[in-house]
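Chain A is the first sequence line, chain B the second, and so forth, proteins listed ahead of strands; every chain is numbered from 1.
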Protein chains: 2
Amino acid sequence: MNAPRRGRPAGPTGPVIGRALQLLDAFDAEHRELTLSELARRADLPLSTAHRLMHELCLWGAVERGGDGLYRIGLRLWELGSLAPRGPGLRETALPFLEDLSLITRENVQLAVREGAEVVFVERIAGSGAVPVLTRVGGRFALTATGVGLVLLAHAPVEVQEEVLGSPIERYTAETVTDPARLRRMLADVRANGFSISDRQVTMDALSVGAPIRDRSGAVIAAVSLVVRHGSTTAHALARLVRTSAQAISRALSA
Amino acid sequence: MNAPRRGRPAGPTGPVIGRALQLLDAFDAEHRELTLSELARRADLPLSTAHRLMHELCLWGAVERGGDGLYRIGLRLWELGSLAPRGPGLRETALPFLEDLSLITRENVQLAVREGAEVVFVERIAGSGAVPVLTRVGGRFALTATGVGLVLLAHAPVEVQEEVLGSPIERYTAETVTDPARLRRMLADVRANGFSISDRQVTMDALSVGAPIRDRSGAVIAAVSLVVRHGSTTAHALARLVRTSAQAISRALSA
DNA sequence: TAAGAGCTTCCATTTTCCGGAAACCCCGCT
DNA sequence: AGCGGGGTTTCCGGAAAATGGAAGCTCTTA
């Protein structure tokens, strides 16, 4: 349910920029409007510092201030964000294929990329009568459990794989695989098959199948998945379908 | 005579945040991927400064760097941008109504907000056989010409109206109204009627009708419009349709 | 091999940021 | 009116952090 880790990854970011970004980080889906005091509290900054920095951000349009004094994320930031090639860019070319998948299967379709040791969901189409899925566009999740996660982890740089497999692996259900050696074998399977199957790893009633999307050079840059009810006898058929769709998206991206 | 200048040179050098934002501003729809040198050139900053700042932004995830050394807008920024209430937030609740409008009329449907003295298009649904429209989601336009623009200007704070009417008004076609007095009368009509009609103001083959979207307090926060071929005899009928739709969206927002 | 274009690191200098404190503002309460 | 509390804004001396020229690196091209 909860994305594992939110917030800024630790790292030496200069004071000014760091603080400004801490403030922006105080906004999330449940807090789209914040007072100055709330912002200062959530970012753990002195009030006067928060005030000064928010004022600067306001001048540029990164944030806006309503007549009620509440701060909100500004349009300028939205415009900038829309330029992210791995976000809206990818989403745009993949969308028609995702819709096809959705129409054919009536299941949940998801598109995701990897950032660091996390999955970020870029698009999600809810299936009509399908299992409810907890993910949200823009949401994050661990790499180890979901269909998309396994695909992205299987094709991640070795350092990332080692980092993930070296640290304790979060358990979501009784079936969640937390043994590094077994995960390693699963990742090898994913690379060999060209798809992943994640059975009851996140919730006991769901199963997801994922497949890699590649750029022109063959590097894996994203993953698609279908999430279906656990016990579906068609998992392998769906996996092949997803794989085919992922290949079509890869071709569309290279064109 | 002069000792070699070390340290920060005197003069109108902006604050740190300003520089970082200048760098982000170097990205646009035509430049989603930039090298460090291009970035420094476009932001008019020394190479080493650009390098240091981009590095900091990278650590946080505001920008990303591909294996090819090119900088791109990062996912983190996209996530943040998606939290803008006036952008994606508004878009989300208005979308079903916009789709209804699109289905009923088969024309171009647009949703926009005002930022400063400009219109920002938040969503746009292209009509099937309709006039081609020049606008782009995230794009900007003058307040004086379009259907949405007239609505937003008519309900803008007096300072904004005076600023716009006081400066020379851009002309797009032979029909564009550039006389402040006449524009004032048009704005009064918009307020009285609850809709705007912009006939051949932007291109000679198009006409657009717009209506205001209000928040709970009755303040105008956005506008919807239909763009149809000039000469349509149904302009007033469409205007009433748009007005009704805008009212429905207003109610949905207040709920 | 050399030249060129771009990227990264270094560091002496001083500009800009920091944040406690105090004033300010707007309510609701007595 | 007078009072108290929560949030917001402004101020300013001290100190930390930002700055950018230059030198060193890494590629690619001639």
Look at the side chain of A:Y71 and decide which nucleotide, out of D:dT9, D:dA18, C:dC7, has an atom nearest to it. D:dT9

Taking only the side-chain nitrogens and oxygens of A:R52, find out if one of them lies under 4.0 Å from OP1 or OP2 of D:dC12. no

Among the candidates C:dC7, D:dT8, C:dG20, find the nucleotide nearest to the side-chain atoms of A:P46. C:dG20

Nearest to the side chain of A:E56, heavy atoms from C-beta on, is which of C:dC17, C:dC7, D:dG20? C:dC17

Can you check whether B:R19 reaches B:L45 side chain to side chain, under 4.5 Å on heavy atoms? yes

Look at the side chain of A:T35 against the base of D:dG7 and say whether a donor-acceptor pair falls under 3.5 Å; ignore hydrogens and angles. no

Length of the NE2-C1' vector between B:H51 and D:dG24, whole Å: 14 Å

Tell me whether A:E123 contacts the main-chain N or O of A:V137 through its side chain, where contact means a donor paired with an acceptor under 3.5 Å. no

Between P on C:dG19 and CG on A:D44, what's the gap in Å once rounded to a whole number? 10 Å

Under 4.0 angstrom, heavy atoms only, what part of the nucleic acid is B:R41 near: base, sugar-phosphate, or nothing? nothing

How many whole angstroms separate atom CD of B:E38 from atom P of C:dC7? 8 Å

Lys/Arg-Asp/Glu bridge criterion (N-O < 4.0 Å) met for B:R65, B:E33: no

Check for a donor-acceptor pair, side chain of B:S198 on one end and backbone N or O of B:A145 on the other, with a separation under 3.5 Å. yes

Is A:S37 close enough to D:dG6 that one of its side-chain N or O atoms is under 4.0 Å from OP1 or OP2 there? no

Interatomic distance where CD belongs to A:Q22 and P belongs to C:dC18 [whole Å]: 11 Å

Note: A:R42-A:D28 ion pair, threshold 4.0 Å (strictly below): yes

What is the separation between atom CG on B:L53 and atom P on C:dT8, rounded to the nearest whole Å? 14 Å

When the distance from CG of B:L36 to P of D:dC27 is rounded to whole Å, what number comes out? 16 Å

Write down the distance between CG (A:L45) and P (C:dC18), rounded to a whole number of angstrom. 9 Å

Between C:dT8, C:dC17, D:dT19, spot the one nearest the side chain of B:R19, thanks. D:dT19

What's the CG-C1' distance between A:L23 and C:dC18, to the nearest Å? 14 Å

Phosphate oxygens OP1/OP2 of D:dG20: is one of them under 4.0 Å from a side-chain N or O of B:T49? yes

Taking D:dG21, C:dG19, D:dT19 as options, the one with an atom nearest any side-chain atom of A:S48 is C:dG19

